[in-house]
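Just below is one structure, and these are the notes that go with it.
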Amino acid sequence: MAPQHGPGESGHHPNTSPPGASGHADDPHDGPDAAGHFGRFGGRFMPEALTAALDELGAELAKAMDDPSFVAEFDRMLREYANLPSPLYAARRLSAQAGARILLKREDLNHTGAHKIRNVLGQALLVKRMGKRRVIAETGAGQHGVATATACAYLDLDCVVYMGAEDTRRQALNVARMRMLGAEVVPVETGSRTLKDAINEALRDWVANVDTTHYLLGTAAGPHPFPVLVREFVRGIGDEARAQTLELTGTLPDAVAACVGGGSNAIGAFHAFVPDTDVALYGFEAGGDGVETGRHAASITGGAVGVLHGARTFLLQDADGQTVESHSISAGLDYPAVGPEHAWLAETGRASYQPVTDAEAMAAFQLLCRTEGIIPAIESAHALAGALRVAPQLAAELGREPTILVNLSGRGDKDMETAGTWFGLLDGAEVRS
Amino acid sequence: MAEPVVGRRAGSAFDSAREQGRAALVGYLPAGFPTVAEAIEGCRVLVDSGVDVIEIGLPYSDPVMDGPVIQRAAERALAGGFRVADVFRTVEAVAAAGAPALVMTYWNPVERYGVPAFARDLAAAGGAGLITPDLIPEEAGEWVAAAEEHDLDRVFLVAPSSTAQRIATTTAACRGFVYAASVMGVTGAREQTGQAAPALVERVRRATTVPVGVGLGVSTGAQAAEVAGYADGVIVGSALVRCLLDEADPAAARRRLGALTTELAAGVRKR
């Protein structure tokens, strides 16, 4: 399998490799093994009832990725429907303030406004190929649910989205979007009534209906083969950005920055660069009120190794192994665990993970709005804040202005209420009237 | 080696039921619900009313295999301050009451406690072993080694969707009995126990001589009798837990628990 890293050859072919084979088989980071292990992370911790379906899914993915017609159809959908490849944008006014050349991978311009469209189109196409026609999904902020409902409408699949009851209240507009697109939204009343409980409920549905139903997981987490499956569908972010950076600057970036909740946009951005050991990889986790306060969603920085939702990874847990609730201003990062490949990249030191607080993220959010006229998702603002933080360090190390590729994973429309409240823009009587 | 606690091994309970020409009755209650002491009382009621093996649930924050009844009970146990160490007290009481006590637990609490330490403390409490609904044998190397060291049973699950190959691998890793999930789905009482169950048991028998217990969906004496007609053990959970969920008064809850258990115990003797 040829590596996909030459300039100009990746942009329109983001997904031509079979899972786990990006052309660097001798690279220790090029996991997982056949059972889905990234080092000691990953694997499959799931009811036996799902094993057959997970095996089938892995086998179908491998076949699909080897099938030129599947790859071509996926590629066509990305280009014609999802507005890909997304542009790479050199943010000049922001760069001037950052002391670094900031390149923004504009995933916010994708159809439905985030990187997630890549994953849902890939999985939905796989569902068609497997002959199933019912799709279930979980969603926190609602973006993955909206993307899934979109893909299901586009490909004529039945769609049920589980969402914590607390989240359906916080994200009422996205609930309306999903219903508009024909999806059934099921509020989940158990546990903390947020994303992790929606995942539990979706898993229960899947155990009961696995013959007819595909669980369209929203991030690069869960039992094998989901982490690698999702990565293969979103890796186009990094494949495209790598080629685009080479074309624009003639060289690779010094660093790649992405936000990390479950970790799908980050693994998509990182994957192409993992073998480029001169490129620093930074994952920025949701530090909430600060990791030291206990109110955060930084599972690598502030969590411990354990098993949740089907994989061994870093997660927020108490001394008894009970999951601890996460907190973040960004509903999309508000998840108490992380995809196992990130756990592996962290442990091997290939990528560096740092927390970014709500306050830092919102400062970066406002800076991007004011310097570039781009309102980012609050998720993406975490990546931006982190990039601004590491820029001076990188400049000092390199002795020159660094180039930092920031994955702008989504747009901020969905977050306007949160941001408006944060900055006190919704308090005026004229707004309420 | 110390004298084994009476009735410590699940396999011996299945054997003696078989000698009596009947299936074994396996009853489930979560530790710590509604309180640690009352859960222990509940387990004693089960033993006194004819349960052969007790399955003690370890309340966990993310129970993906459990239906709403067991999840509610687990949430209340956790809200009431249940700690993992409390499960060992419960095991000790059940073992003293004379029944093998298996802990049914999701994997993370065991991993967090430390697998060798959990096995050691479970054995010290007189426990029979573990039932692990989200741990498949392929990921269970550390647990199997610790179970060997402490002479503990390990019960893995098979499901209607399991291939012949997987049934062979899974049952080879089991000791005590193998847990056959009668339906594709989560725990909870059902009108029917699932048509897939007899066929699944038949497939398991082709692979192993380890006893087969059937669970998921059994709630009445008639259903217990039906399952006892083809399986070595009948596993009842949600229906028992419901007795405690629906009755606020502990004495009334225990009476209801005893009545249902007596009905189920008669069921497994009816073939």
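Just so you know, these numbers use all the heavy atoms, side chains as well, and skip hydrogens, waters and symmetry mates. Since the model is a prediction, treat every value here as computed from it, not as a measurement. In what follows, chains are A, B, ... by sequence order, proteins preceding strands, each numbered from 1.
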Check: every donor-acceptor pair under 3.5 Å linking chain B and chain A:
unit_1   : atom_1 : unit_2   : atom_2 : d
B:Pro59  : O      : A:Gln322 : NE2    : 2.9
B:Ser61  : N      : A:Gln322 : OE1    : 2.8
B:Ser61  : OG     : A:Thr323 : N      : 2.9
B:Ser61  : OG     : A:Thr323 : OG1    : 3.2
B:Asp62  : OD1    : A:Lys196 : NZ     : 3.1
B:Asp62  : OD1    : A:Asn200 : ND2    : 2.9
B:Asp62  : OD2    : A:Thr323 : OG1    : 2.6
B:Pro63  : O      : A:Arg204 : NH2    : 2.9
B:Asp66  : O      : A:Arg204 : NE     : 2.6
B:Asp66  : O      : A:Arg204 : NH2    : 3.3
B:Gln71  : OE1    : A:Arg204 : NH2    : 3.0
B:Glu75  : OE2    : A:Gly191 : N      : 2.9
B:Arg83  : NE     : A:Asp320 : OD2    : 2.7
B:Arg83  : NH2    : A:Asp320 : OD1    : 3.2
B:Val84  : N      : A:Asp320 : OD2    : 2.9
B:Asn108 : OD1    : A:Val307 : N      : 2.8
B:Asn108 : ND2    : A:Gln317 : OE1    : 2.9
B:Asn108 : ND2    : A:Gly321 : O      : 2.9
B:Glu111 : OE1    : A:Arg312 : NH2    : 2.6
B:Glu111 : OE2    : A:Arg312 : NE     : 2.7
B:Glu111 : OE2    : A:Arg312 : NH2    : 3.4
B:Arg112 : NE     : A:Asp318 : O      : 3.1
B:Asp134 : O      : A:Met46  : N      : 3.3
B:Glu139 : OE1    : A:His37  : NE2    : 3.1
B:Glu139 : OE2    : A:His37  : NE2    : 3.0
B:Glu139 : OE2    : A:Arg44  : N      : 2.9
B:Ser161 : OG     : A:Ala49  : O      : 2.8
B:Ser162 : OG     : A:Glu48  : OE2    : 2.8
B:Arg166 : NE     : A:Glu48  : OE1    : 3.1
B:Arg166 : NE     : A:Glu48  : OE2    : 3.0
B:Arg166 : NH2    : A:Glu48  : OE1    : 2.8

Quiz item: If you take all heavy atoms of B:Ala159 and A:Ala49, which pair is closest and at what distance?
Solution: CB-CA, 3.5 Å

Self-check item: Proximity breakdown for B:Pro63 and chain A, heavy-atom pairs closer than 4.5 Å
Solution: both

Self-check item: Choice from A:Ala319, A:Gly310, A:Ala52 maximising heavy atom contacts with chain B below 4.5 Å
Solution: A:Ala319

Self-check item: Contact origin within A:Leu315 toward chain B - heavy atom pairs under 4.5 Å
Solution: side chain

Quiz item: Listed by chain and number, what are the ring pair (Phe, Tyr, Trp, His ring centres under 6.0 Å) partners of B:Phe156, not counting sequence neighbours?
Solution: none

Quiz item: Given a strict heavy-atom distance threshold of 4.5 Å, which part of B:Pro109 is in contact with chain A: side chain, backbone, both, or neither?
Solution: both

Practice problem: Could you check which of A:Leu203, A:Val305, A:Val307 has the highest count of heavy-atom pairs closer than 4.5 Å to chain B? | Solution: A:Val307

Self-check item: Any residue meeting ring pair (Phe, Tyr, Trp, His ring centres under 6.0 Å) with A:Phe314, in chain and number order, not counting sequence neighbours
Solution: A:Phe41

Self-check item: Contacting region of A:Val324 [heavy-atom separation from chain B under 4.5 Å]
Solution: neither

Quiz item: Who pairs with B:Ala73 by side-chain contact (heavy atoms from CB on, under 4.5 Å), at least two apart in sequence or on another chain?
Solution: B:Pro30, B:Phe33, B:Val241

